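Report on the following structure.
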There are 2 protein chains.
Amino acid sequence: MTDHRELALLLRRLTVELDAVGQRFAEVHGLNRTDVRALVAIMDAARGGESLTAGRLGAAVDLSSASVTALLDRLEKAGHIRRTRDAEDRRRVVLEMSDTAMAAGAEHFGGLQRDLTAAMADYSDDELAVVRRFLVDMTGAIERHSRPEPPATVVGC
Amino acid sequence: MTDHRELALLLRRLTVELDAVGQRFAEVHGLNRTDVRALVAIMDAARGGESLTAGRLGAAVDLSSASVTALLDRLEKAGHIRRTRDAEDRRRVVLEMSDTAMAAGAEHFGGLQRDLTAAMADYSDDELAVVRRFLVDMTGAIERHSRPEPPATVVGC
DNA sequence: GTCGATTATCTCGATCGTCGAGAGAATAGC
DNA sequence: GCTATTCTCTCGACGATCGAGATAATCGAC
């Protein structure tokens with residue numbers, strides 16, 4: 001029987017290392033963890049064709065509006081993003097990544113992506129299918145512990 | 001051909017959710033992320049039979065000695081740890097988790113461990129072996145991006 | 001035993017990120 | 001136009017972190 005605890009430890013270790021990659025990006029570019037999380041969120045949105053607004057970014061990284069303003073001030077001053085008023089709703093501020101920030105992110109995280117993909121080449125489709133099922137199952141199990149109200153199996157009230 | 005990018009995304013998603021579990025523990029117990037990381041480190045050391053000192057904890061969570069002092073002040077005031085001088089080397093301060101903190105941690109993270117292990121019961125030994133190999137490979141690839149000096153393939157000085 | 005060098009931790013002042021409360025600006029409905 | 005709503009920003013305060021230096025204990029040499 002394979003040791004289940006060892007696999008759980010491996011998952012945690014992988015998480016720690018993946019965190020360290022973001023940490024490293026932050027150090028190299030003189031940013032803090034929140035700034036990196038925000039850039040990643042903006043980058044992900046850009047990939048999906050969407051542009052984030054200040055408010056949506058605050059919701060995404062769980063920050064107050066005051067903190068988002070300070071965060072965007074830092075990123076803008078460093079030249080990583082631009083703020084522009086939305087033409088349709090001029091209350092909104094839409095965020096766009098600068099080309100240099102986009103390139104820096106692509107180099108850092110794209111390189112990781114490339115290495116991960118290369119490492120996956122050693123696996124058959126069947127094996128990757130097993131891994132995929134495993135990751136989905138584990139994420140589901142973890143998710144049930146990461147939400148505020150787990151079951152709430154109450155009837156009355 | 002299985003989509004390699006999807007697997008990379010699943011890994012990231014799993015990481016985010018696992019992070020959220022720690023975040024949730026922090027919120028429930030009125031701690032911040034650093035405090036939780038420190039408690040986990042102390043807990044892990046305790047599991048291995050070792051007792052952490054203030055200095056080793058600082059190295060583990062990458063904090064200055066000044067920050068470690070403040071961190072331990074918070075944890076001690078909250079009743080999560082005790083500080084005692086080492087009998088052999090009285091310069092050292094050894095850290096011990098209180099029973100209540102140990103129980104709280106066991107309940108929170110032990111419950112997750114139980115669910116993960118339960119979810120693994122659906123897999124054959126062969127499948128788990130594949131998953132294990134995959135996790136080790138991916139962690140290795142990620143690790144090469146999380147360290148300050150990646151290759152340094154220079155010959156002369 | 002006691003002197004200096006070393007190690008481990010703590011104290012102090014300053015900096016930076018975050019928040020709550022409220023202000024400012026634009027929009028939508030009447 | 002007026003009011004309510006939405007979105008972002010400003011301000012003052014708090015808390016976590018750091019660098020530099022202080023305090024205390026240990027070790028080795030004499």
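Quick note on labels: first sequence line is chain A, next is B, and so on, each numbered from 1. This structure is a prediction, so every number in the text was calculated from the model and none was measured.
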Atom pair distance, as rounded to whole Å: CG in A:Leu31 and C1' in C:dG17: 13 Å

Backbone N/O of A:Arg90 and side chain of A:Arg85: donor-acceptor pair under 3.5 Å: yes

Donor on one side chain, acceptor on other, A:Ser146 and B:Glu17, under 3.5 Å: yes

Side chain A:His29, main chain A:Phe25, donor-acceptor under 3.5 Å: yes

B:Asp62 CG - D:dT17 C1' separation (whole Å): 12 Å

Short side-chain N/O contact from B:Ser64 to OP1 or OP2 of D:dC18, under 4.0 Å: yes

Phosphate OP1/OP2 of C:dG17 contacted by A:Ser67 side-chain N/O (<4.0 Å): no

Euclidean distance, atom CG of residue B:Leu95 to atom C1' of C:dC10 [Å, nearest integer]: 14 Å

Under 4.0 Å protein heavy-atom contact, by nucleotide of nucleotides 4-10 of chain D - B base, S sugar-phosphate only: -BBSSBB

Charged N-O contact under 4.0 Å between A:Arg82 and A:Glu76: no

Touch class at under 4.0 angstrom, heavy-atom based, for B:Leu63 against every strand present: sugar-phosphate

Cationic tip of A:Arg133 above B:Tyr123 ring, under 6.0 Å, 45° of axis: yes

A:Asp86 CG - C:dA28 P separation (whole Å): 11 Å

Integer-rounded Å distance: D:dT23 C1' and B:Arg90 CZ: 15 Å

Salt-bridge contact A:Arg74-A:Asp35 (side-chain N to carboxylate O under 4.0 Å): yes

Upstream residue (5' side of DNA chain C) when A:Asp35 and A:Glu88 are each assigned their closest nucleotide: A:Asp35

Value in whole Å for how far the C1' atom of C:dC16 lies from CG of A:Asn32: 9 Å

